[in-house]
Amino acid sequence: MKLSTDLLGISGETETTIAYSQRPHRGAIGPAASRGFLALADQVVVSGARFLITIVVARACGPHELGLYSLAFTVVMLVASIQESLISLPYTIFGARLEGDERRIYAGSALMRCICLAAMVSGVVALAAEWSAAGVGPAGLAPVLWALTVAVPVLFLVEFARRFYFAHLRMDVALILDVCVALLQLGALAAVLWYGRLSATTAYLAIAVACTVATVLWFVLSRSRFHIAPRAVGKSIGRDWRFGRWVFASQFTAAVRSSVVHWLLAMLLSAAATGLFAACATIVQLANPLLLGIGNFLTPSIADALARGGLAKVRHVVITATCILTIAVVLLGGLMIGFGDDLLGAFYGRQYTGQQMTLALLVLGMIVEAIGLPAYNGLWALERPSVNFFCMAVGLVVTIAVACVLVMPLGTVGAACGVLAGRAIATLLQSLAFLRLSVTSVVELAAEPA
């Protein structure tokens, strides 16, 4: 039996069978609350390590090297989104329906595709380094891109490893892995700094060395979970691509939505206005470890719920997660609104204060987006990534339209209104889409003759 319900004229890309939902429970790895806490702790470790590395580069090397490091990091984040969209997330969704050797074969296929895609991306970065060396782009970027060419494959594999454990609901092992990676990265960076050689280039080389050590240790300890079957690689590429392409489109749209307001402020007002808005946005991003950590936990949990209990179980998990997450982000958002201006002064200086309204609107946007996070992940589990993309695209259009109208008269407050409006419409559409697809599909299934 497949889910055939379409939303707003958008048809499903893949067939979702319900037979696997009757499979007996495989045994929980631990209480859901414990796994959620471990996923949150893991994201704190990963985000904290990145933050510390940025601070070290900024203080030891100055603004120019930090700029080069940051430009390269945008490539790192794009690489991570490619890996997650096209490999890790499909494995999380489809792997939950497999057992034993079938899952080991699928895991081996995912690993092989990860290695091949990492090599291709590394080649693209090498071409970009050549162009930079020929004078294209900012001065001094070429050596950083060459270092990134070396770092990209192991960064690819480290991210695959942590997502692999998330897919198996082994948040405890993922946390151990990421703690080791963080310690190795910070240790390598400290060694380079000790010898007075730290730069954006050597920072990425140090990260590459640390990730290489972590990747080798991970594969040695986890190789029994993979079975390489070349024929299986080809069979899984088509299905994963049909699913993952929409996920990548959604994430790309989200990235554009996050950056477009900064460009509108710069073009319509000034770079100073963009700086004020960026400072406020950074304060709101202090909630990212919570939201990303919960997202890392939600996707495999929803996929597992679908495999064990069908759509009714998925709906229960999504609604429960929405209620819990709403309470958490409302409390956190209240603290941000109350103390956000003080944080702006402490982090950036008193010249950035006085942005209470902008900050409050951005916090409300964060709350609204967080409320829609479970439905967003639920649509992934229902194999409707195109619906997520549609909702995100509508949100992007609304963001641009509202910001274009309000930026000139209201400045950063108008930009924040655009962010809030875009996130609100995207969350509303995602929530309605999830409820319609899950409820309608259950009714259709119940009406089917035995």
Closest non-hydrogen contact found for Ala129 with Ala142 is O-CB, 3.7 Å
Look only at the side chain of Ser431 and the backbone of Gly372, and say whether a donor-acceptor pair between them is shorter than 3.5 Å.
no
Leu175: partners by side chain to side chain contact (heavy atoms under 4.5 Å, CB included), with sequence neighbours left out
Leu38, Ala41, Asp42, Val45, Val179
What's the separation between atom CD in Glu369 and atom CD in Gln430, rounded to the nearest 0.5 Å?
8.0 Å
Less than 4.5 Å apart, any side-chain heavy atom of Glu130 and any of Trp146?
yes
Not counting sequence neighbours, which residues clear side chain to side chain contact (heavy atoms under 4.5 Å, CB included) with Pro153? List them please.
Ala118, Ser122
State, yes or no, whether a side-chain contact exists between Gln185 and Cys211 at a heavy-atom distance under 4.5 Å.
yes
State the CD1-OG1 distance between Ile371 and Thr326, to the nearest 0.5 angstrom.
4.0 Å
Just verifying a value: how many Å separate Tyr165 OH and Phe160 CZ, rounded to the nearest 0.5 Å?
10.0 Å
Donor + acceptor pair across side chains of Ser199, Thr202 (<3.5 Å):
yes
Quick one: are Ile207 and Ile53 in side-chain contact, heavy atoms under 4.5 Å?
yes
Which heavy atom of Val181 sits nearest to which heavy atom of Ala214, and what is that distance?
CG2-CB, 3.6 Å
Quick one: CG on Leu111 to CG on Leu157, what's the gap to the nearest 0.5 Å?
7.0 Å
For Ser109 and Ile105, indicate whether the former's side chain and the latter's backbone hold a donor-acceptor pair under 3.5 Å.
no
Roughly how far, to the nearest 0.5 Å, is the CG atom of Leu189 from the CG atom of Leu205?
11.0 Å
Restricting to non-hydrogen atoms, name the atom on Ala188 and the atom on Ala206 that form the minimum distance, rounded to 0.1 Å.
CB-O, 3.6 Å
Side chain of Asn388, backbone of Tyr376: donor and acceptor closer than 3.5 Å?
yes
Least distance between heavy atoms, Ile87 atom then Ala110 atom:
CG2-O, 3.6 Å
Report the relative orientation of the aromatic rings in Tyr106 and Tyr91; use parallel for angles under 30°, tilted for 30 to 60°, perpendicular for over 60°.
tilted
Spell out, as yes or no, whether a donor-acceptor pair under 3.5 Å connects the side chain of Thr399 to the backbone of Gly418.
yes
For Asp178, run the salt bridge (Lys or Arg N to Asp or Glu O under 4.0 Å) check against Arg163, Arg50, Arg162 and tell me which one passes.
Arg162
How far apart are the closest heavy atoms of Met366 and Arg423, and which atoms are they?
N-NH1, 3.6 Å
How close do Ala370 and Leu325 get, counting heavy atoms only, and between which atoms?
O-CD2, 2.9 Å
If you measure from SG on Cys114 to CZ on Phe156, what distance do you get to the nearest 0.5 Å?
5.5 Å
